[in-house]
> 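One structure, pasted below without further comment.
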Amino acid sequence: MDYMVCGDKYRISVLTDRLIRLEYSENGQFEDRLTMMVAGRDLKCEAQSVRREDGLLFVETKELLLTYNEKEFASNGLSIELKNFGTCWHYSHEFTGSGRNMRGTARTLDNKDGGCELEAGIFGRDGYAIINDSTSPVIVYDEDNKDGKFVQRETGALDLYFFGYGKDFYGALKDFYALCGKTPMIPRYALGNWWSRYFKYTEESYYEVLENFEKEQIPLSVAVIDMDWHVTEVDPKYGTGWTGYTWDKKLFPDYKRFLKHLHDCGLSVTLNLHPADGVRAFEDMYKEVATSMGIDPETEEAVEFDFENPAFRDAYFDKIMHPYEKDGVDFWWIDWQQGTGRKAGDVDPLILLNHYHYKDQEGRNIRPMIFSRYAGPGSHRYPIGFSGDTVCTWKSLQFQPFFTSTASNIGYGWWSHDIGGHMMGDKSNERLIRWIQYGVFSPIMRLHSTSSAFFNKEPWTVEEPYHTVMQEFLRLRHRLVPYLYTENYRAYKEDKPLVRPMYYDNPDNADAYSVGSEYGYGEELLVGAITEPVDEGLKLGSVNMLIPEGRYADILTGRVYKGGKRRKLYRDINAIPVLMKEGGILPLAKDDRSNTTANPSEMEIVVVAGADGKYELYEDDGVSMDFLGGKYATTLFEVSCSSDSLKFTVNPVAGDLSLVPEKRDYTVKVLGAVSSEGEEIVIELKAVDASKGSFAEVTGIKLVGNDHKSEVFKLLDRAWISNMVKDMVFGALGRMNDADFLTWLSGADVSETLKDAIEEIFED
């Protein structure tokens, strides 16, 4: 049977056995062109049956049964049953509200103090969701528009996509990406620390910032220069200085020298753009741009921003963007805030900016990357997302872990936030550290804030103990790059976003849907972001987490947990919970001081003992598109555990060996077990030949849990509570076994928070 069923005013397309396109048009015109959301409709069409009985049309696949009266779409005339899930969708004009939609993401968090309304995602608690593609522009390709021309659609026709995947979240994402395009790989340098601040830097003052980071031994990978790189004080006859393309020579007398210095420091560079006001007569390149657009430069007539016009786009890229890129600008921060075109019916300029900037780089074998706002479904094809200027409060921090993981529900996996908050709010070093800890375990780690003299995030301005914690976490971010880059490849290759809501891997656990500050971070880690102030008595922050079945260890503290439960996990300011299951393997760079994200010559591998496991490290040149032609390398790590031994294997590198060091040192750190002497297990594999691999085996090991007495003492010693309570609790622990102590504790006259924090230690 044909996958498409048509009537005079409707068209039903079965794209997969769980994905159906529904179109209704009064004039009988249907859309075959690609859209901003849809990059291709040639999906795997499953076997189906089409029949008509008693005036109704039935379209049935293995998973779905569509019933339709072949009239205008209505709740009593169009429904789709999920045969194996037990729910049924009925058409409604409120498309996004159907099926208790689990939401996707939003265009921006600008000016938000906490949460905001999120657009629809492809999942619903009732097993289905509707994505409305009726108004997104279509893309027309011809010989003159190899990157596509966007055209606004005529309004009136309905173009809906029904996702009926139940709880198969990864299956739905794979089909979503097949429909809407892959998530591209981002450059390796994007995964390190970004330094950014809205501040009127000079060449000298920016050098001073970099020198201070070097003194702090905190690595950076991206230097962001906000809008004051260009002239901002202009003659009022030209308008404001918000838009600009001419370097401010008072601040940067020799911008080429400046850019070269940043590159010599090992940094990639991005500049901020507010392009709405076009190119005006005060700009250095105005004469060239105006002439190319048929404007007499003597008139000083502004060249209007019009990205729908190919001639303007060509001038924009050829006369402004490309020369600056040749001088050392690696990518652009496209800060489009207006949200509308020049006139009714214009295509959203944000869509155009994102698409054409991205395609311009892609066509030159540069690993494309832009830094811009979300422009609706399909925006995942143009990473990275700039979430906007949030208010600096606990509420804003509390929203961001949920916001970021939920964005995966519309395939958008690369959000970048203003870590620490952007503006207003108040000063709190505790909140800054918690935000940084979250940022280190978010897609992009970018410190940024407004220009207030009192809004400082420079590490050397932060007092102890927060200063040291900030140093350690920013160093950790660079150590994570080998893992993050592999997960970057997984997001592209396997359609699995880096940040994943807990229900993706635990769909049948009700608790997985209500732990908004916890998320999967790649294939190996579970992260709990602490987003509230510490308990004033215990001096501990906490996060509500689901620990799935199995045995886990915290890679930051070494604490061990037996899973299969939901509970609060408590941490002092030095850590947040980052859990890895037994058999897990985490590849880290050894160097945590240099401004580099290159494929490392020395690595530390963290392993959780107790089960067999494997992890395949992915590496390439990090900046080109050559990986598409097979220029990449993979290294398979394996751990095998028996009752009293552990073997770790580095297999020979597969693929292009020229991309990795010929010999590499590995330090393997084992969590959740000790040697026969009771010591920490550390394995050294020196000068491992990439072409041969190596292995090591440790015998006489013993799986261990937490040192209950020692950890309870530390908890009590840290707490600002009654010394009599401390003595009472610790005395009881000393004279009882664990089971009797926990029974005693449950009835003791101490705070419930103290009880819960102590009980966590015994969850091993």
Side-chain angles (χ1 to χ4, degrees), residues 4 6 9-11 13 15 21-43 95 107 119-120 130-161 176 178-182 184 275-276 278 292-294 303-318 321 334 336 338-363 368 370 372-382 410-412:
M4 190 178 290
C6 300
K9 296 183 178 181
Y10 73 85
R11 185 167 69 171
S13 305
L15 301 177
R21 185 187 188 195
L22 306 166
E23 296 174 274
Y24 187 87
S25 171
E26 282 292 340
N27 63 14
Q29 299 294 312
F30 304 110
E31 187 57 75
D32 292 321
R33 294 169 293 183
L34 301 181
T35 72
M36 165 58 192
M37 182 180 99
V38 176
R41 301 187 184 93
D42 187 19
L43 279 71
F95 311 117
R107 186 180 182 106
E119 298 174 16
I130 293 286
I131 299 296
N132 183 4
D133 197 37
S134 304
T135 59
S136 70
V138 296
I139 307 176
V140 179
Y141 293 93
D142 56 43
E143 291 182 1
D144 297 327
N145 293 284
K146 64 181 186 332
D147 293 327
K149 175 184 179 183
F150 286 84
V151 178
Q152 200 64 267
R153 278 196 264 188
E154 294 182 9
T155 58
L158 286 176
D159 189 359
L160 312 177
Y161 288 82
F176 172 82
L179 176 72
C180 300
K182 284 276 195 182
S292 69
M293 293 297 295
V303 181
E304 291 189 5
F305 174 87
D306 182 6
F307 242 48
E308 291 194 65
N309 183 347
F312 176 77
R313 289 200 306 271
D314 288 345
Y316 172 88
F317 285 118
D318 293 344
M321 299 293 104
I334 306 165
W336 180 266
Q338 285 65 30
T340 59
R342 295 176 302 149
K343 60 183 184 301
D346 280 357
V347 174
D348 180 355
L350 180 59
I351 292 175
L352 303 177
L353 281 161
N354 291 355
H355 178 80
Y356 289 116
H357 261 277
Y358 198 88
K359 289 297 182 182
D360 174 68
Q361 291 180 309
E362 190 174 50
I370 60 170
S372 186
R373 285 175 171 80
Y374 177 79
S379 293
H380 65 275
R381 299 193 301 271
Y382 316 112
I410 197 66
Y412 199 72

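FYI, the numbering just counts along the sequence from 1.
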> Is there a donor-acceptor pair under 3.5 Å between the side chain of S13 and the backbone N or O of L15?
no
> Is a side-chain N or O of R21 found less than 3.5 angstrom from the main chain of D159, in a donor-acceptor match?
no
> Please check: side-chain N/O of R11 versus main-chain N/O of M4, any donor-acceptor pairing under 3.5 Å?
no
> Taking all non-hydrogen atoms of both residues into account, name the closest pair between A375 and N354 and its distance.
CB-ND2, 4.0 Å
> What distance separates Y382 OH from E362 CD, expressed to the nearest 0.5 Å?
9.5 Å
> Would you find more than 12 non-hydrogen atoms of other residues, nucleotides or ligands less than 6.0 Å from E26 atom CD?
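For E26, atom CD is crowded (more than 12 foreign heavy atoms under 6.0 Å).
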> Once rounded to the nearest 0.5 Å, what's the spacing between atom CG of L158 and atom CD of E31?
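Those atoms lie 13.5 Å apart.
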> Quick check: closest heavy atoms across G181 and R381, and the distance to 0.1 Å?
CA-CD, 4.0 Å
> Determine, using ring centers only, whether H380 and Y374 are less than 6.0 Å apart.
no
> State the CG-CE distance between N132 and M37, to the nearest 0.5 angstrom.
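Reported to 0.5 Å precision, the distance equals 9.0 Å.
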> Before giving the answer on ring pair (Phe, Tyr, Trp, His ring centres under 6.0 Å), spell out for F305 and W336 the whole-Å C-alpha distance, their side-chain angles and the decisive distance to 0.1 Å.
CA-CA 12 Å; F305 174 87; W336 180 266; 5.2 Å; yes
> Could you check if a side-chain atom of Y316 sits within less than 4.5 angstrom of a side-chain atom of L353, using non-hydrogen atoms only?
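A side-chain contact under 4.5 Å exists here.
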> Salt-bridge test for D348 and R373: reply yes if a basic N is under 4.0 Å from a carboxylate O, no otherwise.
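Here D348 does not pair with R373 in a salt bridge, since their nearest N and O are not under 4.0 Å apart.
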> Measure across S134 and A157 and return the closest heavy-atom pair with its distance rounded to 0.1 Å.
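Closest approach of S134 to A157: CB-O, 3.5 Å.
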> Would you indicate whether N27, at its atom CG, is surrounded by more than 12 heavy atoms from other residues, nucleotides or ligands within a distance under 6.0 Å?
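More than 12 heavy atoms, drawn from other residues, nucleotides or ligands, come within 6.0 Å of this atom.
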> Might you point out which heavy atoms bring A311 and N309 nearest each other, and give the distance in Å?
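Smallest interatomic distance, heavy atoms only, reads N-OD1, 2.9 Å.
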> May I have the step-by-step check of side-chain contact (heavy atoms from CB on, under 4.5 Å) for D133 and R153, ending in yes or no?
CA-CA 10 Å; D133 197 37; R153 278 196 264 188; 3.4 Å; yes
> Could you tell me if the side chain of E23 sits less than 4.5 Å from the side chain of L160, heavy atoms only?
no
> Do I131 and F176 touch side chain to side chain, with heavy atoms closer than 4.5 Å?
no
> Just so I know, are the side chains of M36 and P377 near enough to count as touching, which here means a heavy-atom distance under 4.5 Å?
no
> I'd like to check P184 versus Y358 (side-chain heavy atoms, cut-off strictly below 4.5 Å). Are they in contact?
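P184 reaches Y358 side chain to side chain.
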> What is the distance from atom CG of D42 to atom CG of L179, rounded to the nearest 0.5 Å?
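Interatomic distance, D42 CG to L179 CG, rounded to 0.5 Å: 11.0 Å.
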> Examine distances only and state if a side-chain atom of E308 and a backbone atom of V347 form a donor-acceptor pair shorter than 3.5 Å.
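Checking the backbone N and O of V347 against the side chain of E308, a donor-acceptor pair under 3.5 Å is found.
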> Rounded to the nearest 0.5 Å, how far apart are OG of S379 and NE2 of H355?
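Answer for the OG-NE2 pair, S379 versus H355, is 12.0 Å.
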> Just wondering, do H357 and M321 contact through their side chains at under 4.5 Å, heavy atoms?
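Heavy-atom side-chain distance check passes, below 4.5 Å.
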> Using every non-hydrogen atom in the two residues, find where I130 and A120 come nearest and quote the distance to one decimal.
O-CB, 4.3 Å
> Just to verify, what does D306 make a salt bridge (charged side-chain N to carboxylate O under 4.0 Å, His left out) with, not counting sequence neighbours?
R342
> Can you find a pair of side-chain heavy atoms, one from Y356 and one from F150, that are under 4.5 Å apart?
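Heavy-atom side-chain distance check passes, below 4.5 Å.
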> Might you point out which heavy atoms bring A315 and S292 nearest each other, and give the distance in Å?
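Minimum heavy-atom separation between A315 and S292: CB-OG, 3.4 Å.
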> A side-chain contact here means heavy atoms from C-beta on lying under 4.5 Å apart; do S372 and L350 qualify?
yes
> Please check this pair: side chain of R33 against backbone of Y141, looking for a donor-acceptor N/O pair closer than 3.5 Å.
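No, the answer is negative, given that no donor and acceptor are paired below the 3.5 Å cut-off.
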